[in-house]
Protein chains: 2
Amino acid sequence: MAESLPTSMQTVQRIATILRCFTEAESDLGVMQISRQTGLHKSTTSRLLSALRQEGFVEKSAETGKYRLGLSLVNLAGVVLEKQNLRQAAQEYLKSLAEITQETINISILDGDECINIETVRSPKSIRYAGQLGRRTPLHCTSTGKVLLTYMRPEQRQRILSLPLHAYTQNTITDPISLRVAFADVCEKGYAISNEEFEEGLVAVASPIYDRSGEVIAALSISGPTYRMDSNTRAEFVTPLTDAAQMISRQLGYVVSY
Amino acid sequence: MAESLPTSMQTVQRIATILRCFTEAESDLGVMQISRQTGLHKSTTSRLLSALRQEGFVEKSAETGKYRLGLSLVNLAGVVLEKQNLRQAAQEYLKSLAEITQETINISILDGDECINIETVRSPKSIRYAGQLGRRTPLHCTSTGKVLLTYMRPEQRQRILSLPLHAYTQNTITDPISLRVAFADVCEKGYAISNEEFEEGLVAVASPIYDRSGEVIAALSISGPTYRMDSNTRAEFVTPLTDAAQMISRQLGYVVSY
DNA sequence: AACACTGTTTCACTTATCGCAACACCCAAT
DNA sequence: ATTGGGTGTTGCGATAAGTGAAACAGTGTT
């Protein structure tokens with residue numbers, strides 16, 4: 001039953017390394033920048049980028065001559081997202097939740113040892129959590145991550161908790177035992193909180209989304225700045241949040257059994 | 001000044017070919033299916049998929065053993081989309097436009113000789129245009145495409161119109177001269193219509209979005225089934241549509257000069 | 001049980017890719 | 001203008017990386 005480690009290929013690895021150089025902060029990169037960052041020879045880098053360009057995975061700015069990620073990626077991602085009928089089921093509930101809370105709403109699913117945002121509605125306010133589609137965040141210190149951890153298969157959770165848990169802020173819980181207490185809390189209350197555990201000034205609450213088989217497949221969250229997400233406000237948000245999560249779950253065929 | 005054709009690489013081409021096999025309709029594929037579709041040897045296909053899996057570009061279903069596109073693509077696409085501050089500027093106007101029209105709203109930008117959806121809000125109705133993020137559509141027979149063509153650099157438009165224009169439906173305009181008349185009409189009225197020119201039963205109206213430099217960089221559209229998008233309804237939609245497009249343009253720094 | 005089918009892996013071959021080096025280019029400073 | 005430090009692209013021979021045939025291991029069907 002041991003999963004055979006998939007065989008890799010040099011070129012695929014290199015492509016991945018190159019593409020991952022591009023971030024929101026550094027979205028336009030030159031050949032040399034990428035070459036240095038990846039350790040690849042500059043001619044190799046140049047040719048790989050050129051080939052990637054041909055396929056639309058990157059684009060080249062006409063003015064600066066720098067490369068950036070291309071729209072073919074959006075095209076492919078669209079296929080992935082379309083498959084998540086979760087997103088479609090969620091749409092209307094997200095809208096109303098966004099309306100009520102005026103904060104940023106996210107849906108995250110598990111992706112390896114992290115969670116990844118597959119749907120985002122941003123708060124209309126100028127100070128807001130800038131949820132980003134496709135963004136990966138850690139599990140142990142985010143509201144969505146805690147939800148996913150709580151309902152995860154025990155052996156998988158065990159494995160993740162045994163990894164070194166990075167302390168992003170002073171509030172980050174890095175002690176597995178305290179985390180287990182938190183999970184029990186999530187189970188009981190039906191929602192998780194991250195109180196500046198991932199980023200200073202950022203508070204979020206999240207609730208699980210179930211599919212028809214009763215598995216937790218995603219987490220729905222409300223994220224905002226600490227000063228707007230005080231305990232009173234959070235208390236107000238909990239019902240709409242859990243309601244929305246429940247409605248979405250029902251859309252997916254989940255039936256409350258008892 | 002002649003753009004040198006970018007050099008390609010076999011592996012990159014193959015990767016692209018493989019990834020493009022996956023569609024909404026055929027989202028889960030086995031090695032043999034892909035092998036047949038691409039003409040690649042099955043061992044090659046198997047190894048490439050295995051390597052792509054290692055990088056998260058594809059995933060492998062534990063039950064069926066089939067492959068599907070992976071979340072790393074969403075991750076990368078997120079970076080691309082984040083760069084489009086257009087999407088952020090548009091958000092609130094999209095919401096209200098969706099509210100008013102109850103039809104599917106899209107924002108498309110130019111991508112080579114096609115347009116690509118970078119933002120989609122779906123109609124709440126069950127019969128609706130299923131706009132899909134990242135979906136590519138032709139230019140000459142869609143409302144957004146016509147808008148983009150209308151305001152495109154003349155030589156580029158010339159080139160595209162000189163290509164064979166596929167007749168998707170009986171209504172598709174494939175004659176460059178008639179199309180030019182249509183462009184003049186778009187210029188004058190400030191919006192474009194596609195009346196079942198791309199798909200039977202699908203009608204859409206679109207209006208241009210300008211950036212601070214006064215260039216048309218995107219098109220905003222309302223799409224719905226013919227029976228709901230009759231000429232009266234379309235007339236009602238035009239003002240909200242052009243208003244929204246204008247507001248978004250302003251958000252991007254566009255100033256109406258005269 | 002034999003069969004048809006899929007997906008993975010081994011292995012010797014060969015070709016696609018690499019890294020060097022040379023080149024072309026841009027700009028800033030002399 | 002001339003040099004110099006930087007970038008990005010491209011020939012070329014060497015070679016390592018990827019290939020395809022075939023064998024193997026599963027899975028389900030008749």
Side-chain angles (χ1 to χ4, degrees), chain A residues 1-23 25-70 83, chain B residues 1-23 25-70 72:
Chain A
M1 204 61 216
E3 268 296 319
S4 70
L5 179 88
T7 53
S8 188
M9 289 177 77
Q10 197 189 49
T11 312
V12 176
Q13 271 181 334
R14 290 182 169 178
I15 289 170
T17 317
I18 287 179
L19 292 179
R20 279 195 253 279
C21 288
F22 297 89
T23 61
E26 295 267 19
S27 63
D28 292 52
L29 299 171
V31 174
M32 280 308 291
Q33 273 174 85
I34 297 171
S35 167
R36 273 192 293 266
Q37 220 172 117
T38 57
L40 294 170
H41 197 277
K42 70 168 177 165
S43 62
T44 306
T45 311
S46 169
R47 271 182 298 232
L48 275 166
L49 283 167
S50 186
L52 288 169
R53 177 152 91 107
Q54 189 120 308
E55 303 298 338
F57 292 136
V58 301
E59 294 169 1
K60 195 178 177 182
S61 159
E63 304 104 54
T64 64
K66 304 220 170 198
Y67 288 89
R68 71 182 56 169
L69 293 181
K83 264 305 280 184
Chain B
M1 204 59 214
E3 267 295 320
S4 68
L5 180 89
T7 52
S8 188
M9 287 176 80
Q10 197 190 50
T11 312
V12 176
Q13 272 180 334
R14 290 181 169 180
I15 289 170
T17 316
I18 288 179
L19 293 179
R20 280 194 254 279
C21 288
F22 298 89
T23 61
E26 294 268 20
S27 64
D28 291 53
L29 300 171
V31 174
M32 280 308 290
Q33 274 174 85
I34 297 172
S35 168
R36 274 191 293 267
Q37 220 172 118
T38 57
L40 294 170
H41 197 277
K42 70 167 178 166
S43 61
T44 306
T45 310
S46 169
R47 270 181 304 230
L48 276 166
L49 282 166
S50 185
L52 288 169
R53 177 152 92 106
Q54 189 119 309
E55 303 299 338
F57 292 135
V58 300
E59 294 169 0
K60 195 177 177 182
S61 158
E63 303 103 56
T64 65
K66 304 219 171 202
Y67 288 90
R68 70 182 56 168
L69 293 180
S72 281

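Naming: A, B, ... by sequence-line order, numbering from 1 per chain. Given the structure is predicted, the values throughout are model-derived calculations rather than measurements.
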Do [X] and [Y] come close enough that some side-chain heavy atom pair is under 4.5 Å?
X: Leu19(A); Y: Val58(A); value: yes
X: Leu48(B); Y: Thr11(B); value: yes
X: Gln33(A); Y: Cys21(A); value: no
X: Thr17(B); Y: Leu40(B); value: no
X: Ser72(B); Y: Glu55(B); value: no
X: Tyr67(B); Y: Thr45(B); value: no

message = If you assign Gln10(A) and Lys60(A) each to the DNA chain D nucleotide with the nearest heavy atom, which residue ends up on the more 5' nucleotide?
response =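 Its nearest nucleotide lies further toward 5', so the answer is Lys60(A).
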inquiry  = If you assign each of Lys66(A) and Thr11(A) to its closest nucleotide in DNA chain D, which residue comes earlier from the 5' end?
reply    =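 Whichever sits nearer the 5' end wins; that is Lys66(A).
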Nucleotide N/O to protein N/O under 3.5 Å, stretch nucleotides 28-30 of chain D:
none

ask   = Hey, does the side chain of Tyr67(A) come within less than 4.0 Å of dT9(D)'s phosphate (OP1/OP2), counting only N and O?
value =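 Answer yes for this pair, as a side-chain N or O of Tyr67(A) is under 4.0 Å from OP1 or OP2.
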Atom-pair distance ([atom1] on [X]; [atom2] on [N]), nearest Å:
X: Leu52(B); N: dG18(D); atom1: CG; atom2: C1'; answer: 14 Å
X: Leu48(B); N: dG7(C); atom1: CG; atom2: C1'; answer: 14 Å
X: Gln13(A); N: dT17(C); atom1: CD; atom2: P; answer: 16 Å
X: Leu49(B); N: dG18(D); atom1: CG; atom2: P; answer: 15 Å

Rounded (10°) bend between the five-pair end axes of the helix from dA1(C)-dT30(D) to dT30(C)-dA1(D) =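 Result, rounded to 10 degrees: 30°.
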Return the minimal non-hydrogen interatomic distance between [X] and [Y], and the atom names on each side.
X: Ser35(A); Y: His41(A); value: OG-C, 4.0 Å
X: Phe22(A); Y: Ser27(A); value: CD2-O, 3.4 Å
X: Lys66(B); Y: Asp28(B); value: CD-O, 3.9 Å
X: Ser61(A); Y: Arg68(A); value: CB-NH2, 4.3 Å

query = Looking at DNA chain C, which of residues 31-47 of chain B put a heavy atom within less than 4.0 Å of it?
reply =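 Those residues are Val31(B), Met32(B), Arg36(B), Lys42(B), Ser43(B), Ser46(B), Arg47(B).
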message = Under a 3.5 Å distance rule, please check whether Thr38(B) uses its side chain to pair with a backbone N or O of Ile34(B) as donor and acceptor.
response =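 Checking the backbone N and O of Ile34(B) against the side chain of Thr38(B), a donor-acceptor pair under 3.5 Å is found.
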